[in-house]
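In each ligand, atom 1 is the first atom listed, and ligand 1 is the first ligand listed.
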Amino acid sequence: MSRLIAISNRVAAPSGGKTAGGLAVGILAALRQSGGIWFGWGGKTCHGEPSEPKLEKHGNITFATVDIDKADFDGYYNDYCNGTLWPLFHYMLGILKYDREAQEAYQRVNQLFARKLRPLLQPDDRIWVHDYHLIPLAQELRRAGAEQPIGFFLHVPFPSFDVLRTLPRYRGLLRAMAQFDVVGFQTRQDCENFLGGLRSAGLGGAPCGDGRVAALDRRILVDAFPIGIDVEEAAEQGAASMESASVQRLARDLGDRELVIGVDRLDYSKGLPERFRAFETLLERHPGSRRQLVFLQIASPTRTGVRAYQEIRHELERSAGHINGRFAEPDWTPIRYINRGLSRKLLMGYFRVARIGLVTPMRDGMNLVAKEFVAAQDPADPGVLVLSRLAGAAAELGDGALLVNPYDPVGVADAILKASEMPPQERREKHAMMMQVLRNNDIHAWRRRFIEALGD
Ligand code: ADP
């Protein structure tokens, strides 16, 4: 079996001491199977041309990390990836910022990755590139002479053409995507948006009859590969952490009140101010729910170098303070807001204690929290998932979750109420339905399907 070369912006190298998230679990499992290299940024910046990649070998996997020039990094990561592409791909044009120099830094970092990776490649390697940070990488690798099959998986949504063309030089982005052999998305809708983009831009998009589509002078495979989670691990962690003192303290403290939980990176695409407003609407319109529900929001700070992220943090603090000031009683606080990340194990325990999981992004590629919440439940007495229709996960979990439009606070408030009143039998049925979906397409099935598409 040929080696796999996985490339992502960050690399979860064992020496980095970071716990592996869902993506890392999938990449590591794929790499372990066939052996290979995980290549990306190591987390350090430098001045000028970076030195050769640092190589760290663990079993059959080599972790190869490069530094990035500080000025290029700011343009590439903060400005272009997180200031331009992220809002564009999440349909948030109001906060989209564009700077031509940042776009050029983005291209330069992709050139750097190609230049540093190229000497590490062998002729029969297969290459799997992850996410919007690295869209031009196939183009740059081809320019550097690489002929290996190269696949791309976009973890975030891909917008419709009318939104995409807001981006100056958007055709360059489509052209770059057409340089991959396999282009994978989270949902069918994302595939349709990409193909529609190719057609509208006059770059191809017509089926070739062999399952591929024509793009420029190439034939590429475009398909949906919805990412899954390690279902059994989340279920085990959920059950095991009921023993944890901290989870037990929370359960005791709740007494017969029901816990509503939200867990997100503090990102404006996650719909947190809107979620707080929906909870306020619930307390306003249904006074009977006051004192009965406690809403725990855990939001870990992220991308703190980007202005929009600093603003949303202040907005949420204000909103939590306002709602608590308005409704709290001496012995009941409606919203408990934690502004930091917690360990995975603890999260799975909190999920299991919760009666309602509130996952209401304004737009999301998949949303793994939705899947983790379901997997961590006690099947005999499971909680209910309230899920945004605009999350990729809704395409898979739509039959078992209560779907809501996050722009409609009354609709979200009604769904929370409905979830809190749902009889146990209905909760069990819905949970079993969702678990079946999660098990059929877990993180291992996801990476197997993609690698298969890339060819052995
Ligand atoms: P995104 O990739 O946009 O952050 P996802 O929901 O797909 O959103 O994945 C987020 C991952 O990070 C999940 O595995 C989740 O458990 C974890 N996570 C999110 N928020 C927190 C938090 N506050 N503390 C710890 N882990 C978190």
Check ion pair Glu311-Arg307 (N to O, under 4.0 angstrom) | yes
Give the contacting part of Met366 toward ligand 1: side chain, backbone, both or neither, where contact means a heavy-atom distance below 4.0 Å.
-> neither
Check: of Gly365, Ser300, Ala376, min heavy-atom distance to atom 23 (N) of ligand 1 comes from Ser300
May I ask you to decide if the ring planes of Tyr80 and Tyr106 are parallel, tilted or perpendicular, using 30° and 60° as cut-offs?
-> tilted
Would you call Glu372 and Arg344 a salt bridge, using N to O less than 4.0 angstrom?
-> yes
Does His155 come within less than 4.0 Å of ligand 1, judged by its heavy atoms?
-> no
If we only count N/O pairs under 3.5 Å, is Lys270 in contact with ligand 1?
-> yes
Can you list every ring-ring contact (aromatic ring centres under 6.0 Å, His included) pair that touches residues 342-364, not counting sequence neighbours?
-> Phe351-Phe373
Aromatic rings Trp38 and Phe63: how do their planes relate, parallel, tilted or perpendicular, breaks at 30° and 60°?
-> tilted
Quick one: is the NZ or CZ of Arg363 closer than 6.0 Å to the six-membered ring centre of Tyr91, and within 45° of its axis?
-> yes
Closest to atom 20 (N) of ligand 1 (heavy atoms only, candidates Asp264, Asn367, Ile298) is Asp264
Have a look at Lys371, Arg265, Gln186 and point out the one with the heavy atom closest to atom 2 (O) of ligand 1.
-> Arg265
Quick one: does Val263 get an N or O within less than 3.5 Å of an N or O on ligand 1?
-> no
Leu347 heavy atoms within 4.0 Å reach ligand 1 at atoms 24 (N), 25 (C), 26 (N), 27 (C)
Which atoms from ligand 1 have a heavy atom of Arg344 less than 4.0 Å away?
-> 14 (O)
Would you check the N or O atoms of Ala299, main chain and side chain alike, for any that come under 3.5 Å of an N or O of ligand 1?
-> no
Can you label the angle between the Tyr77 ring and the Phe73 ring as parallel, tilted or perpendicular, going by 30° and 60°?
-> parallel
Using a heavy-atom cut-off of under 4.0 Å, does the side chain or the backbone of Val369 touch ligand 1, or both, or neither?
-> both
Which atom pairs, donor and acceptor, lie under 3.5 Å between side-chain atoms of residues 334-342 and protein residues at least two apart or in another chain?
unit_1, atom_1, unit_2, atom_2, d
Arg336, NH1, Asp253, OD2, 3.0
Arg336, NH2, Asp253, OD2, 2.7
Asn339, OD1, Arg313, NE, 2.9
Asn339, OD1, Arg313, NH2, 2.8
Asn339, ND2, Ala299, O, 3.1

